[in-house]
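Since we're looking at a predicted model, the values are computed, not measured. Numbers restart at 1 for each chain; the letters A, B, ... are given by sequence-line order, proteins then strands.
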Protein chains: 2
Amino acid sequence: MVKTALKLPQYELIKQYLRHQIETGEWPIGYRTPSEPKLAEQFSVSRMTARRALQELADQGLLSRTAGSGTFVAKPNLQVASIEIIDLVERARETGYYSNRLLGIEAVAPSRQMTELMLLDSKQPVYQLNMLHLERNCPLVLQQLWVNTALAPALPKQTFKKVTPDAYLDWIAPSTRVDYQLMAVSPSPEQQHQLTLTGQGSSLCMQLNRRCWRHQQVLSISASVIPAAFYQLGHNLL
Amino acid sequence: MVKTALKLPQYELIKQYLRHQIETGEWPIGYRTPSEPKLAEQFSVSRMTARRALQELADQGLLSRTAGSGTFVAKPNLQVASIEIIDLVERARETGYYSNRLLGIEAVAPSRQMTELMLLDSKQPVYQLNMLHLERNCPLVLQQLWVNTALAPALPKQTFKKVTPDAYLDWIAPSTRVDYQLMAVSPSPEQQHQLTLTGQGSSLCMQLNRRCWRHQQVLSISASVIPAAFYQLGHNLL
DNA sequence: CAGCAATATCTGTATATACATATTATTTTT
DNA sequence: AAAAATAATATGTATATACAGATATTGCTG
C-alpha cells in the first residue's frame, strides 16, 4: 500500500500560510493579521474555519488575540526551554546490567521542612527510603526518597528487586506534574563511601531533587546524588 | 468597583466537571468518558459546546481521543517537567551591581562541530565572543558565545556596556526555542584564573550550554561556566 | 462456530447563523 | 477643542446542521 499525499483539512492549510508569513519575517512581531472574516474570504471558508486556524496558533503561542482589537504576531515571550531529564536508572535497567541495594526503609515522622514540601497537613508519617542503584555492579545513583503514605500505603511490602521504587510509584499513581532542581555538590564522606568514590577529582557530583505531584497532592520527594561523570542533562550539544 | 463572581462559559463548566471526575479518581485512567452527544444532553448544550470541553482537555493532555472509538482518561504520559532556568546575569543586572568585561570578539571560521551544531551549510563565519559577567565586581559567569553572522550582522558594533549580548540578541531576533544542557565540571586552570577561583573546594562549577533557535535556524550557541556556589536550577526545594 | 456484511456509534471537519462583548474609529454635541 | 454618544469592527460564545471516516457491535450466512 502506497501512502499517497494525504489531504490536509482546510484549517491546516490556513495554519501553514499563517506560520509561513511569520517564520519568513513577512509579518514581524506585533503585526496585525487579517481578521477572521477577512481570512475566511481570502480562503473561501466559513468564519469558524478561519477562526480555528487562528485560535490553534494562538493556543500554541505564535499569535496573541484580544477581543475587539484583533490578532497579532506574538513575541516568542517566555522562552520555551526544551530540556530532557535523562533517567539514568531507567536507562541502566534497559541495558540489563542494573541492580540495586536497599539501604533502608521505614515510616518516620516528617521534619517540619518535609511537611511543608509535601503539603502534609496532619502528623501523618512518611515512608523514607534509601537506595543505591548500580550498573554493572558500579554505584550509579544514591537516592533518598520520601513517599506520601496515603497515596502508596503498600510501599514497604515491595522488595524492589525487579521494580524500582520510581517505577512502582509510576504504576500505582502516575505523576501529573514534576518539579526538578539540579545543583553541583561535593558529596559528604558517607555519600562518598556509599558511592565508593576515592580521592580528589572524582568527588564531583550532581544532586537532582525531584518532587512528583498527583493533581493537588505531593506523591514523593526524591534526592539523588550522582557522580558528575555519569550525568549530563541533555546530549549532543557541545 | 466590586468584582462580582464572574459568569463562566458553559464549556468551562463542563471542563470543570470533567477535571473533577478525573482528579478525584472517580474516572480512573483508561475510563471512557461520555461521548459528545451524551455530554451535550447531560448539560443541555449543543454537541459543539460539549465537544469544545473535551477537545481542550485533550489538547492539554488530560484526555485522549480516537475517532470512532471514544474519549478516554489519559495516562499522564510523558511527565511534564517544570524547570526554571534562572538567568543569573539578568538577575544581577536588575540589582544594579552588574558589570562585565569583554575578553574578546572576532569573526572566525567555525569548527566542523560548530558547523553541525549551528546547521551552517556554507563556510560562513561566526562571531565568537568571550565575556566575563560580574556582580559587585565578583566574577559570576564566564561565557563563551557563538553567533550566526547572518542573523546578527551588526553584533561587533556593540560595546555591551549597558546591554548584554544575550539581551541584544533577544532584541533583534527573539528565540522561538531554546535547548539547554547542564553538567558539573572542574574548570580548567585558565578558567579558574578568569573566575579568580583559588584552591580546592571552590573549584566546582556548573556548565550551562544553550542553543537558541529562531524558527528553522540556529541563532547562537552559548557555553557558560559558573561557580557551583552561585548556581541552582530552580529553588525552594530541599 | 468462524467469517463477513450491515449497522450503529463516535469523533473529525465544515458551514451558516446569532448574539454578546471588547475595542477602535467616527460623528455629534457641548 | 474637548467630551460624549454612536457606529463599525473584532473576537468570544453558542446552536443547529451536514457529511466523512474510523471503530465497535450486531446479525446473518455458510
Round to the nearest Å and state the distance from B/Arg51 atom CZ to C/dT15 atom P. 15 Å
A/Arg65 side chain N/O closer than 4.0 Å to the phosphate oxygens (OP1, OP2) of D/dA10? no
Residue-phosphate contact under 4.0 Å: A/Gln55 side-chain N/O, D/dT11 OP1/OP2: no
Distance in angstrom units between A/Leu54 CG and D/dT11 C1', rounded: 10 Å
Within the pair A/Lys7 and C/dT13, is there a side-chain N or O less than 4.0 Å away from OP1 or OP2? no
Between the base of D/dG12 and the side chain of A/Arg47, is one N or O donor paired with an acceptor at under 3.5 angstrom? yes
Quick one: is the NZ or CZ of B/Arg210 closer than 6.0 Å to the six-membered ring centre of B/Tyr180, and within 45° of its axis? no
Taking OP1 and OP2 of D/dT15, is either one under 4.0 Å from a side-chain nitrogen or oxygen of B/Thr49? yes
I want to confirm an ordering. Mapping A/Ala67 and B/Thr66 to their closest nucleotides on DNA chain D, which one lands closer to the 5' end? A/Ala67
When you check the side-chain N and O atoms of B/Arg93 and B/Tyr98, is any donor under 3.5 Å from an acceptor? no
Please give, in whole Å, the distance from C/dA14 P to B/Met48 CE? 11 Å
A/Thr71 side-chain N/O to D/dA10 phosphate OP1/OP2 under 4.0 Å: no
Report yes if some heavy atom in the side chain of A/Leu145 is under 4.5 Å from a heavy atom in the side chain of A/Asp166; otherwise report no. yes
Taking CD from B/Glu56 and P from C/dG12, how many angstroms apart are they, rounded to a whole number? 14 Å
Does OP1 or OP2 of D/dT15 have a side-chain N or O of B/Ser46 closer than 4.0 Å? yes
Below 4.0 Å: OP1/OP2 of C/dT9 and any side-chain N or O of B/Lys38: no
When you compare the side chains of B/Arg214 and B/Thr176, does any donor N or O come within less than 3.5 Å of an acceptor on the partner? no
Touch class at under 4.0 angstrom, heavy-atom based, for A/Glu12 against every strand present: nothing
Under 4.0 angstrom, heavy atoms only, what part of the nucleic acid is A/Arg52 near: base, sugar-phosphate, or nothing? sugar-phosphate
Side-chain donor or acceptor of A/Thr95 paired with backbone N/O of A/Ala92 under 3.5 Å: yes
Using whole Å, report how far CD of A/Glu41 lies from P of D/dT9. 13 Å
When the distance from CG of B/Leu13 to P of D/dT13 is rounded to whole Å, what number comes out? 12 Å
A/Glu36 CD to C/dA14 P, straight-line distance once rounded to whole Å: 16 Å
To the nearest angstrom, how far is B/Tyr11 atom OH from D/dG12 atom C1'? 7 Å
